[in-house]
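In what follows, a single structure is set out as structure tokens and then discussed.
So that the names make sense, note that chain A is the first sequence line, chain B the second, and so on, each numbered from 1. Computed from a predicted structure; not experimentally measured.
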Protein chains: 2
Amino acid sequence: MTDQTTIQLHALKLSCSNCSLRELCLPVGLNREEMTQLDAVIRQSRRIKRGEYLFRSGEGFKSMFAVRTGFFKTCVSSQDGREQVTGFLMSGELMGLDGISSNIHGCDAIALEDSEVCELPFGRIESLGRDIPSLQHHFFRLMSREIVRDQNVMLLLGNMKAEERLAAFLLNLSQRLAIRGFAANDFILRMSREEIGSFLGLKLETVSRTLSKFQQQGWIRVDHKHIQLVKPEELKALISGCVHSNAAE
Amino acid sequence: MTDQTTIQLHALKLSCSNCSLRELCLPVGLNREEMTQLDAVIRQSRRIKRGEYLFRSGEGFKSMFAVRTGFFKTCVSSQDGREQVTGFLMSGELMGLDGISSNIHGCDAIALEDSEVCELPFGRIESLGRDIPSLQHHFFRLMSREIVRDQNVMLLLGNMKAEERLAAFLLNLSQRLAIRGFAANDFILRMSREEIGSFLGLKLETVSRTLSKFQQQGWIRVDHKHIQLVKPEELKALISGCVHSNAAE
DNA sequence: ATTCCGCTTTGACAAGAGTCAAGCTTCGAT
DNA sequence: ATCGAAGCTTGACTCTTGTCAAAGCGGAAT
């Protein structure tokens, strides 16, 4: 096998056309030729180690990033060190959309496990969108979906009690994992209790206590970061009436 | 003056080209010809009486709306009647961006005073964006700005105490009024204490008490819906350290 | 001008979540 | 394998905010 072939195979492996996430990510609904055009614009996969920053608030914005493998958090930090986690992102999800408005990233993106991302240069996606209406349309939809997700988080933070927040959080994770073909009721948390708390507007002790309470009631099993949903229907019952069932994306 | 002239003048008066909000709203950065193209797409001003719904969650989405005059709230309602106000909108601001993702409106938009809106049919804006890159770009920026705004609200709801939330809210209103040429430190609230509370994740009694507390400290004057900021710097001091000074848009 | 309804204010009390602290477990580094 | 640091759990207590209730006020409609 020549170096040339190796490179080609490598490029192929990393292309959108060949990506298992293409039905979740940006290329939804593109035909073969359009996909090739998109491939030409997207920068090859980049590896980010656990704990590393993908970008930081205040840095110049040029690109968005799609999670290919791994897990990220995004957060806004205040001057005095308080941090608000604004989201947890898994494969196929986009980060950095908030940078478009001012050409400056508005939040930090930090890998919670060793991860790979695809870089989507905004300017090139934007101009490609003019040639490929379905790409433009889907990109609008993705931005809108982020707005809907944020509104649901606002509802969670504004209206719900600790138990309801935790239930909504667990069910949301469960649902997103299921979409990606993972077990819906048996998973490993990639984030700490403190990070969960920051996202949900709770202190880490409250998160811990509430998980313990769910376990005592036999609704879930907790073994550190390993969570099993034993009676997800009970969790659903907790949040029914809060909203149309799915808070947070 | 013939009927013909009257109609023309009327159309002119209602066009983007002639609108005093064109530097705040969608047409930012368009040249004369582009503005004319945009004018052709935007539906003439529509009047909405106080208390009326502009659109409701669950309705089919076809258009966004820009506030021309007046004041709106957007809110998500839960099955059991709880409501979360997700935003208050004044002239030049856009509503309905959350409908793009699913072609269904994700929230209610309700006029808080007699208002006028411009209807922006999404499909036509989208295709016009392909011909006018600066329109497309600005529309992306507006959607991104909405995401940034929502993230700031998340931070407010997740991290701040009642006093901090109220201070951020008053300063945010003040700033947006100032941009529009109104007095920054002397204004009329268009919404009830309950609506403020819903937006800020507080009960109306807490809103009322906190306003009274601010007044007792001599920082503001409250006469029902009439608010004067006497010492805005004290309010700013309250939230310094919470974030880069401006929560909520 | 009057009446009534809805909004607001204020108080007293309750409850949910935060704070502080101690001890434990696990995982990673050496 | 051992040690240490970080993360997690749990308890006791505090404090902020929510809940319930009553009274005042203003504005809109007649």
Side-chain angles (χ1 to χ4, degrees), chain A residues 49-52 73 80-85 110 112-114 156-170 188-217 220-227 238-239 242, chain B residues 49-51 73 80-85 110 112-114 156-170 188-217 220-227 238 242:
Chain A
K49 285 234 174 64
R50 176 178 170 175
E52 275 183 20
K73 69 170 176 181
D80 57 353
R82 282 190 282 185
E83 83 168 24
Q84 170 76 28
V85 173
I110 299 161
L112 295 182
E113 58 180 358
D114 294 355
L156 177 143
L157 293 172
N159 268 312
M160 291 163 72
K161 298 200 179 302
E163 291 192 1
E164 297 170 327
R165 294 183 197 191
L166 241 312
F169 172 74
L170 292 174
I188 306 293
L189 296 176
R190 303 300 175 179
M191 70 295 280
S192 70
R193 302 289 191 263
E194 186 168 18
E195 287 162 334
I196 296 173
S198 171
F199 180 60
L200 297 178
L202 302 170
K203 294 296 167 187
L204 69 94
E205 294 93 332
T206 305
V207 173
S208 179
R209 270 188 253 273
T210 307
L211 288 175
S212 299
K213 196 183 299 178
F214 285 169
Q215 177 163 236
Q216 277 164 29
Q217 299 190 271
I220 68 176
R221 282 198 48 72
V222 184
D223 178 27
H224 306 281
K225 307 231 164 182
H226 180 194
I227 302 282
L238 251 188
I239 61 170
C242 294
Chain B
K49 285 233 172 66
R50 175 178 171 178
K73 69 171 176 181
D80 57 351
R82 283 189 281 186
E83 82 167 25
Q84 170 75 31
V85 173
I110 300 160
L112 295 182
E113 60 181 358
D114 294 355
L156 176 144
L157 293 172
N159 268 312
M160 292 164 70
K161 297 199 181 300
E163 290 192 1
E164 297 170 327
R165 295 183 198 191
L166 241 313
F169 171 74
L170 292 173
I188 306 293
L189 296 176
R190 301 302 175 177
M191 71 296 280
S192 69
R193 303 290 191 264
E194 186 169 17
E195 287 162 334
I196 297 173
S198 170
F199 180 60
L200 297 177
L202 302 169
K203 294 295 166 186
L204 70 96
E205 294 93 334
T206 305
V207 172
S208 178
R209 269 186 253 273
T210 307
L211 288 175
S212 299
K213 197 184 297 178
F214 285 169
Q215 178 163 237
Q216 278 164 27
Q217 298 189 272
I220 68 176
R221 283 199 48 73
V222 184
D223 177 27
H224 307 280
K225 308 232 163 183
H226 180 194
I227 302 283
L238 249 188
C242 294

Holding to side-chain contact (heavy atoms from CB on, under 4.5 Å), I want the full list of residues that pass it with [X], two or more places apart in sequence or in another chain.
| X | result |
| --- | --- |
| A/E113 | A/F71, A/S115, A/R190 |
| A/R50 | A/D114 |
| A/K161 | A/E164 |

Please identify each residue that fulfils side chain to side chain donor-acceptor pair (under 3.5 Å) with B/K213, with sequence neighbours left out. B/E163
With B/H224 via side chain to side chain donor-acceptor pair (under 3.5 Å) - residues at least two apart: none
Could you pull out all donor-acceptor pairs under 3.5 Å where a side-chain atom in residues 197-209 of chain B meets a protein atom, sequence neighbours excluded?
residue : atom : partner : partner atom : Å
B/S198  : OG   : B/E83   : O            : 2.8
B/S198  : OG   : B/V85   : N            : 2.8

Report the C-alpha distance between A/F214 and A/V222 in whole Å, list the side-chain angles of each, state the deciding distance to 0.1 Å, and finish with yes or no for side chain to side chain contact (heavy atoms under 4.5 Å, CB included). CA-CA 9 Å; A/F214 285 169; A/V222 184; over 6 Å; no
Spacing of CG belonging to B/L211 relative to CZ belonging to B/R221, to within rounding of 0.5 Å: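 CZ of B/R221 is found 13.0 Å from CG of B/L211.
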Hey, where on DNA chain C does chain A first and last touch, going 5' to 3'? Cut-off is any atom under 4.0 Å from a heavy atom. C/dA17 to C/dT26
By the 4.0 Å heavy-atom rule, please label B/K213 as base, sugar-phosphate, or nothing.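 No contact at all - B/K213 keeps every heavy atom at 4.0 Å or more from the nucleic acid.
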Any base atoms under 4.0 Å from B/G197, or only sugar-phosphate, or nothing? Heavy atoms, all strands.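 No contact.
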Measure [atom1]/[X] against [atom2]/[N] and give the value in whole Å, please.
| X | N | atom1 | atom2 | answer |
| --- | --- | --- | --- | --- |
| A/N159 | D/dT17 | CG | C1' | 14 Å |
| B/L204 | D/dG18 | CG | C1' | 11 Å |
| A/F214 | D/dT9 | CZ | C1' | 16 Å |
| A/H226 | D/dC8 | NE2 | C1' | 17 Å |
| A/L202 | D/dT17 | CG | P | 15 Å |

Would you check, one step at a time, whether the test side chain to side chain contact (heavy atoms under 4.5 Å, CB included) holds for A/M191 with A/K73? CA-CA 8 Å; A/M191 70 295 280; A/K73 69 170 176 181; over 6 Å; no
Side chain to side chain, B/L238 and B/L166, heavy atoms closer than 4.5 Å: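 No, side chains not in contact.
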Sequence neighbours excluded, the answer for salt bridge (Lys or Arg N to Asp or Glu O under 4.0 Å) partners of A/E194 is none
Comparing A/A162 and A/D223 on DNA chain C - which has the more 5′ nearest nucleotide: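 Result: A/A162.
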Between the axis at one end of the helix from C/dA1-D/dT30 to C/dT30-D/dA1 and the axis at the other (five pairs apiece), what's the angle to 10 degrees? 60°
Nucleotides 19-28 of chain D: which of its N/O atoms have a protein N/O under 3.5 Å away?
residue : atom : partner : partner atom : Å
D/dT19  : O4   : B/R209  : NH2          : 2.8
D/dC20  : N4   : B/E205  : OE2          : 3.2

